[in-house]
Amino acid sequence: MIPIQKLLSSLERFQEKIIENNSQIDQIEKRINQLKKQLEEIKDKVQKKKDEKMKIEVQIKETELMIKEEEEKIRKWEIQLRESRKFREQKTLIDEIAEAKREKSKLEDEALKLIIKKEEIEKELKDLEEEYEEKQKRAEEEIPKLELELQRLKTESEENHQKIKEIEKNIKEFYPEVSKIYEELLKDSRNSNMKIIASIEDESCSSCNVIVFADIRAKLYADPNSFDTCPNCGAILYVKVEEDS
């Protein structure tokens with residue numbers, strides 16, 4: 001029969017490994033999500049910039065068409081002006097031509113501004129696409145490694161859970177009194193940060209850091225099959241033993 005203190009030592013050790021594994025799993029999952037989020041964000045920016053570029057291109061084409069319309073008006077009215085012999089009609093045509101030329105000049109200014117804006121957007125788009133390619137390359141290199149490590153940690157955590165079940169089974173079979181206390185503490189500690197199994201370190205309980213009575217310490221050190229609970233926090237106390245492989 002395995003001494004109770006050795007079982008408790010192993011039980012706490014595997015519980016701590018699970019906690020450590022869960023912390024590492026959480027960090028890796030956060031990193032994977034971070035990489036994917038960064039990639040998705042930059043992808044959205046690229047698409048928005050492409051949409052913006054397309055919108056500008058449509059505006060440029062529309063403006064160019066309006067410029068051609070004004071040019072066509074000017075051409076038509078200049079022909080009419082050369083053929084006209086009536087003063088009033090000539091004056092009207094001259095005014096129409098002048099207005100069309102002003103409108104054409106205004107449209108040309110707008111087209112120039114749109115072309116400059118398009119060039120700025122194209123530069124921004126190029127920078128974003130380069131940034132996306134860089135982040136995509138980093139994600140493609142890093143994520144598979146992280147997922148591999150994540151799987152390893154989850155497998156290890158499952159193995160530790162199985163080992164804990166085996167230890168709990170041994171405690172329940174050979175030390176039913178300890179098992180009862182352990183199960184009660186396990187239920188009560190669901191919303192608590194206190195440890196339910198604690199070693200004696202520097203004469204104190206490793207759960208609450210309160211000094212353990214000398215008689216309890218003496219009993220635990222003297223008999224590896226003995227156990228007690230912390231008078232302060234109620235954790236099951238044990239003395240650390242050398243770990244077996």
Side-chain angles (χ1 to χ4, degrees), residues 6-56 119-171 182-183 185-199 201-202 204-209 233-236 238 240-245:
K6 190 166 185 178
L7 288 171
L8 293 172
S9 176
S10 297
L11 184 57
E12 185 182 31
R13 186 171 74 253
F14 287 123
Q15 286 175 338
E16 287 173 348
K17 283 182 179 180
I18 288 172
I19 292 170
E20 184 182 351
N21 277 7
N22 287 343
S23 176
Q24 292 175 334
I25 286 169
D26 185 56
Q27 289 174 7
I28 290 173
E29 287 177 339
K30 283 181 179 177
R31 178 57 181 163
I32 290 173
N33 290 333
Q34 182 187 40
L35 288 167
K36 289 181 178 178
K37 185 179 178 182
Q38 287 176 351
L39 199 59
E40 196 60 35
E41 285 175 351
I42 193 70
K43 186 178 179 181
D44 288 342
K45 287 180 181 179
V46 168
Q47 187 58 51
K48 285 178 182 178
K49 196 57 67 176
K50 284 181 178 179
D51 293 341
E52 190 178 350
K53 179 188 171 186
M54 188 178 293
K55 185 179 178 181
I56 289 287
E119 289 173 352
E120 291 174 354
I121 291 171
E122 285 174 339
K123 185 181 181 302
E124 291 170 0
L125 179 59
K126 183 182 177 183
D127 292 341
L128 284 170
E129 286 175 334
E130 288 176 356
E131 185 181 351
Y132 176 76
E133 287 178 8
E134 182 184 339
K135 289 185 184 295
Q136 187 179 39
K137 184 179 178 182
R138 186 191 308 164
E140 287 174 352
E141 289 175 353
E142 194 172 343
I143 288 176
K145 295 177 183 177
L146 289 170
E147 288 178 338
L148 193 64
E149 177 63 11
L150 187 64
Q151 186 57 49
R152 186 192 70 78
L153 288 168
K154 286 182 176 179
T155 301
E156 186 178 308
S157 185
E158 288 173 5
E159 290 172 353
N160 288 332
H161 274 293
Q162 188 59 42
K163 289 172 183 176
I164 284 174
K165 287 181 181 179
E166 291 171 5
I167 295 169
E168 289 173 341
K169 183 180 177 182
N170 281 327
I171 293 174
Y182 171 75
E183 288 175 0
L185 289 171
L186 198 61
K187 291 176 184 177
D188 294 339
S189 65
R190 285 176 182 174
N191 299 316
S192 172
N193 292 324
M194 300 294 286
K195 296 165 69 175
I196 62 174
I197 300 173
S199 61
E201 298 175 5
D202 297 327
S204 301
C205 168
S206 63
S207 177
C208 63
N209 297 318
C233 68
I236 301 173
Y238 76 92
K240 280 190 175 179
V241 294
E242 192 173 331
E243 297 179 4
D244 291 339
S245 58

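These figures come from a predicted structure and were not determined experimentally. Positions are given from 1 along the sequence. Hydrogens, waters and symmetry mates are skipped; everything else that's a heavy atom, side chains included, is used.
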- Query: Going by heavy atoms in the side chains, are Ile196 and Ile236 under 4.5 Å from each other?
  - Reply: no
- Glu131 vs Lys45 side-chain heavy atoms within contact, under 4.5 Å: no
- Task: Specify the closest pair of heavy atoms between Ser199 and Glu201, including all atoms of both residues, with the distance to one decimal.
- Result: OG-OE2, 2.9 Å
- Item | N/O donor-acceptor pair under 3.5 Å between Ser206 side chain and Ala198 backbone | no
- Message: Tell me which one of Glu120, Glu122, Glu124 satisfies salt bridge (charged side-chain N to carboxylate O under 4.0 Å, His left out) with Lys49.
- Response: Glu124
- Query: So, do Glu16 and Glu12 sit near enough that their side-chain heavy atoms are less than 4.5 Å apart?
  - Reply: yes
- Message: Could you check whether Glu40 pairs with Lys36 (Lys NZ or Arg NE/NH1/NH2 to Asp/Glu carboxylate O, under 4.0 Å)?
- Response: no
- Would you check, one step at a time, whether the test salt bridge (Lys or Arg N to Asp or Glu O under 4.0 Å) holds for Asp26 with Lys30? CA-CA 6 Å; Asp26 185 56; Lys30 283 181 179 177; 3.3 Å; yes
I'd like a table of donor-acceptor pairs (distance under 3.5 Å, sequence neighbours excluded) in which one partner is a side-chain atom from residues 155-167, with atom names and distances.
from, atom 1, to, atom 2, distance (Å)
Thr155, OG1, Gln151, O, 2.9
Thr155, OG1, Gln151, NE2, 3.4
Glu156, OE1, Arg152, NH1, 2.8
Glu156, OE2, Asn21, ND2, 3.4
Asn160, ND2, Glu156, O, 3.3

- Spacing of CD belonging to Glu168 relative to CG belonging to Leu7, to within rounding of 0.5 Å: 11.0 Å
- Give, for atom CG of Leu146 and atom CD1 of Ile32, the distance between the pair rounded to the nearest 0.5 Å. 5.0 Å
- Query: Hey, what do you get for CG (Leu35) to CD (Gln136), rounding to the nearest 0.5 Å?
  - Reply: 12.5 Å
- So how far is it from Glu142 CD to Arg31 CZ, rounded to the nearest 0.5 Å? 4.0 Å
- Message: Side chains of Leu185 and Ile197, heavy atoms from C-beta outward: is any pair under 4.5 Å?
- Response: no
- Task: Please tell me if the side chains of Tyr182 and Leu11 come closer than 4.5 Å, counting only heavy atoms from C-beta onward.
- Result: yes
- Decide yes or no for Leu125 and Glu52: does some side-chain heavy atom of the first lie under 4.5 Å from some side-chain heavy atom of the second? no
- Task: Please lay out, stage by stage, how Ile42 and Gln38 fare under the test side-chain contact (heavy atoms from CB on, under 4.5 Å).
- Result: CA-CA 6 Å; Ile42 193 70; Gln38 287 176 351; over 6 Å; no
- Query: From Lys17 NZ over to Asn22 CG, what is the distance, rounded to the nearest 0.5 angstrom?
  - Reply: 14.0 Å
- Are more than 12 heavy atoms from other residues, nucleotides or ligands located less than 6.0 Å from atom CG of Asp44? yes
- Heavy atoms, side chains only, cut-off 4.5 Å: are Asp127 and Glu130 in contact? yes
- Compare all side-chain heavy atoms of Glu41 with those of Lys37 and state whether any distance is below 4.5 angstrom. yes
- Query: Could you walk me through whether Asn33 and Glu29 pass the side chain to side chain donor-acceptor pair (under 3.5 Å) check?
  - Reply: CA-CA 6 Å; Asn33 290 333; Glu29 287 177 339; over 6 Å; no
- Atom CD1 of Ile143 and atom CD of Gln34: how far apart are they, to the nearest 0.5 Å? 10.5 Å
